[in-house]
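Report on the following structure.
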Amino acid sequence: MTLVIGLTGSIASGKSTVSLMFDDYDIPVIDADKISREVVIPGEKAYHEIVTEFGTSILREDGSIDRKKLGAIVFKEEEKRKRLNNIVHPAVRKRMIERRDHFCNQEVPAVVMDIPLLFESELTHLVDKTLVVYVDEKVQLERLMERDGSTKEEAIQRINAQLPVQQKAEMADEVIDNNGTKHESYQQLHAILRKWNVFL
């Protein structure tokens, strides 16, 4: 029986860092962000729908979608963000479920579905357990500004586009406090996997 773990956090909470830790346990990770890039490459159904919806001004010279240009449009207007999500999310969900089922059929001990908007998009029914990577809001803001070179205003806008990380932590089965060192987060993950009987 494969345990399906839903991994989430908030922007700049360090979820990607924790996601990489599953490699040490040979636990496959299905990354929603990576798949969201796959489904919008030229030739994919979602790509054509996005270009039809937002026009060719969001394209690079090679015909691929300029994520920054598209992001600038959708972060400012909620209606446009919803329209984009209505195109991308179903395509991502379909591919993630296909990959999850593939691993479950191989009867691996566990598989991780790394989904940033796990709670916002109400996708907890796709997983058995939810794991949230948590950081204090102050740390989150500092990390985001440092990572993306964004202004405080831009960073706050992006953080506010998601559920507060505190709220996610309250909804989760388990929480990794990522305010400390990588090693401390790793130890927490190890303890959680042991608790969930993932080790054979």
Side-chain angles (χ1 to χ4, degrees), residues 2 4-23 26-106 108 110-127 130-131 133 143-144 146-150 154-155 157-163:
T2 301
V4 183
I5 299 166
L7 175 69
T8 195
S10 288
I11 193 164
S13 65
K15 179 178 62 62
S16 302
T17 304
V18 172
S19 183
L20 290 170
M21 293 175 185
F22 286 97
D23 282 355
D26 291 325
I27 295 172
V29 175
I30 304 164
D31 186 330
D33 280 343
K34 282 182 186 159
I35 291 179
S36 71
R37 288 189 181 91
E38 283 174 26
V39 300
V40 298
I41 59 173
E44 291 275 355
K45 183 170 171 274
Y47 169 87
H48 294 296
E49 289 176 15
I50 291 167
V51 175
T52 303
E53 181 70 48
F54 294 96
T56 53
S57 65
I58 58 155
L59 298 179
R60 292 198 183 95
E61 281 181 22
D62 65 1
S64 64
I65 292 170
D66 187 323
R67 289 169 71 91
K68 210 156 189 170
K69 279 184 188 169
L70 184 57
I73 296 168
V74 300
F75 269 115
K76 285 193 193 106
E77 293 185 49
E78 191 164 343
E79 187 50 46
K80 286 185 176 172
R81 188 164 75 232
K82 276 185 188 162
R83 293 215 297 263
L84 177 65
N85 288 344
N86 287 340
I87 295 169
V88 177
H89 288 177
V92 172
R93 204 167 304 149
K94 182 173 178 284
R95 197 159 293 182
M96 289 193 81
I97 290 168
E98 285 167 3
R99 295 206 182 151
R100 177 199 68 185
D101 293 349
H102 164 76
F103 287 117
C104 288
N105 290 336
Q106 291 185 335
V108 296
V111 61
V112 174
M113 295 182 84
D114 179 340
I115 308 176
L117 301 175
L118 181 69
F119 295 115
E120 290 92 332
S121 301
E122 298 177 357
L123 297 178
T124 51
H125 63 281
L126 299 179
V127 302
T130 55
L131 176 59
V133 181
R143 282 183 187 172
L144 184 57
E146 194 180 311
R147 189 185 81 185
D148 295 351
S150 49
E154 285 168 340
Q157 194 180 21
R158 294 188 71 186
I159 289 168
N160 290 344
Q162 299 183 343
L163 272 180

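The basis for the numbers below is simple: all heavy atoms, side chains too, and nothing from hydrogens, waters or symmetry mates.
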Could you pull out all residues at least two apart from E146 that satisfy side-chain contact (heavy atoms from CB on, under 4.5 Å)?
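Residues passing side-chain contact (heavy atoms from CB on, under 4.5 Å) with E146: none at all.
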Contact check, side chains of [X] and [Y], non-hydrogen atoms, under 4.5 Å:
{"X": "R67", "Y": "R37", "value": "yes"}
{"X": "F119", "Y": "T124", "value": "yes"}
{"X": "V4", "Y": "F103", "value": "no"}

From [atom1] ([X]) to [atom2] ([Y]), nearest 0.5 Å:
{"X": "C104", "Y": "I97", "atom1": "SG", "atom2": "CD1", "value": "11.5 Å"}
{"X": "L118", "Y": "L123", "atom1": "CG", "atom2": "CG", "value": "6.0 Å"}
{"X": "K15", "Y": "S10", "atom1": "NZ", "atom2": "OG", "value": "10.0 Å"}
{"X": "K82", "Y": "I87", "atom1": "NZ", "atom2": "CD1", "value": "15.0 Å"}
{"X": "R147", "Y": "I11", "atom1": "CZ", "atom2": "CD1", "value": "5.0 Å"}
{"X": "I115", "Y": "T130", "atom1": "CD1", "atom2": "OG1", "value": "11.0 Å"}

Begin with the C-alpha distance, continue with both residues' side-chain angles, and end with the deciding distance and a verdict on side-chain contact (heavy atoms from CB on, under 4.5 Å) for I65 and R60.
CA-CA 6 Å; I65 292 170; R60 292 198 183 95; over 6 Å; no
Go through the steps to decide whether K69 and L59 satisfy the test side-chain contact (heavy atoms from CB on, under 4.5 Å), and finish with yes or no.
CA-CA 8 Å; K69 279 184 188 169; L59 298 179; over 6 Å; no
Given the rule in the side-chain contact (heavy atoms from CB on, under 4.5 Å) test, do L70 and F54 qualify, once you have shown the distances and angles that lead to the verdict?
CA-CA 8 Å; L70 184 57; F54 294 96; 3.9 Å; yes
May I ask you to say whether [X] pairs ionically with [Y], meaning some side-chain N is under 4.0 Å from a carboxylate O?
{"X": "E44", "Y": "R95", "value": "yes"}
{"X": "D114", "Y": "K34", "value": "no"}
{"X": "E38", "Y": "R99", "value": "yes"}

Minimal non-hydrogen separation, [X] against [Y], with atom names:
{"X": "V40", "Y": "Y47", "value": "O-CD1, 3.2 Å"}
{"X": "S36", "Y": "V92", "value": "CA-CG2, 3.6 Å"}
{"X": "L126", "Y": "R93", "value": "CD1-CG, 4.1 Å"}
{"X": "P116", "Y": "T8", "value": "O-OG1, 2.9 Å"}
{"X": "F75", "Y": "A161", "value": "CE2-CB, 4.3 Å"}
{"X": "R143", "Y": "S13", "value": "NH1-O, 3.6 Å"}

Between [X] (side chain) and [Y] (backbone), is there a donor-acceptor pair under 3.5 Å?
{"X": "T52", "Y": "H48", "result": "yes"}
{"X": "T2", "Y": "A110", "result": "no"}
{"X": "D31", "Y": "D33", "result": "yes"}
{"X": "E120", "Y": "L163", "result": "yes"}
{"X": "R81", "Y": "I73", "result": "no"}

Any chance CD of E122 has more than 12 other-residue heavy atoms, nucleotides or ligands included, within less than 6.0 Å?
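Open.
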Among all residues two or more places apart in sequence or in another chain, which pass the salt bridge (charged side-chain N to carboxylate O under 4.0 Å, His left out) test with E61?
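Expected list: none.
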Show your reasoning for whether side-chain contact (heavy atoms from CB on, under 4.5 Å) applies to L144 and R158.
CA-CA 9 Å; L144 184 57; R158 294 188 71 186; 4.3 Å; yes
